[in-house]
Amino acid sequence: YPEEMLFTLSGEDSDFVKDLWRGEWEPGIAECICDYEFKLDGMIIKYSECGTFNDYPNQRYMILTEEQTQAINKMLGIE
């Protein structure tokens, strides 16, 4: 990934994403192009601006609500 696509979170952003990751995951990998990568607590989770997290090592994915997607995209500077 280009350097601008890698994100290490801290503070409120970190807490927000940790709370999301405690949610419901589906088995498998979503068929979204994940342009961003989050590193948090030793985990690396890929993200698509459409609102999907893909956890490749654990073969699972999570689709976010519209509100959650907007919050993550705002952190990333995606309009």
Would you compute the distance between atom [atom1] of [X] and atom [atom2] of [Y] and round it to the nearest 0.5 angstrom?
{"X": "K46", "Y": "F38", "atom1": "NZ", "atom2": "CZ", "value": "12.5 Å"}
{"X": "Q59", "Y": "N54", "atom1": "CD", "atom2": "CG", "value": "9.0 Å"}
{"X": "N58", "Y": "M43", "atom1": "CG", "atom2": "CE", "value": "6.0 Å"}
{"X": "Q68", "Y": "I63", "atom1": "CD", "atom2": "CD1", "value": "11.5 Å"}
{"X": "T52", "Y": "I29", "atom1": "OG1", "atom2": "CD1", "value": "11.0 Å"}

Test item: L76 and Y47 side chains (from C-beta on) under 4.5 Å apart, heavy atoms: yes
Student check: side-chain heavy atoms of L20 and L64 closer than 4.5 Å: yes
Path from I45 to I78 over hydrophobic side-chain contacts below 4.5 Å: yes
Check: W21 ring centre within less than 6.0 Å of F53 ring centre: yes
Residue pairs involving residues 58-72 (criterion salt bridge (Lys or Arg N to Asp or Glu O under 4.0 Å); sequence neighbours excluded): D55-R60
I44: partners by side-chain contact (heavy atoms from CB on, under 4.5 Å), with sequence neighbours left out: E37, K39
Residue list, side-chain contact (heavy atoms from CB on, under 4.5 Å) with K18, at least two apart or on another chain: S14, R22, L40, D41
Non-hydrogen atoms of D35 and E49 that approach each other most closely: OD2-OE1, 4.3 Å
Donor on one side chain, acceptor on other, Y36 and N73, under 3.5 Å: no
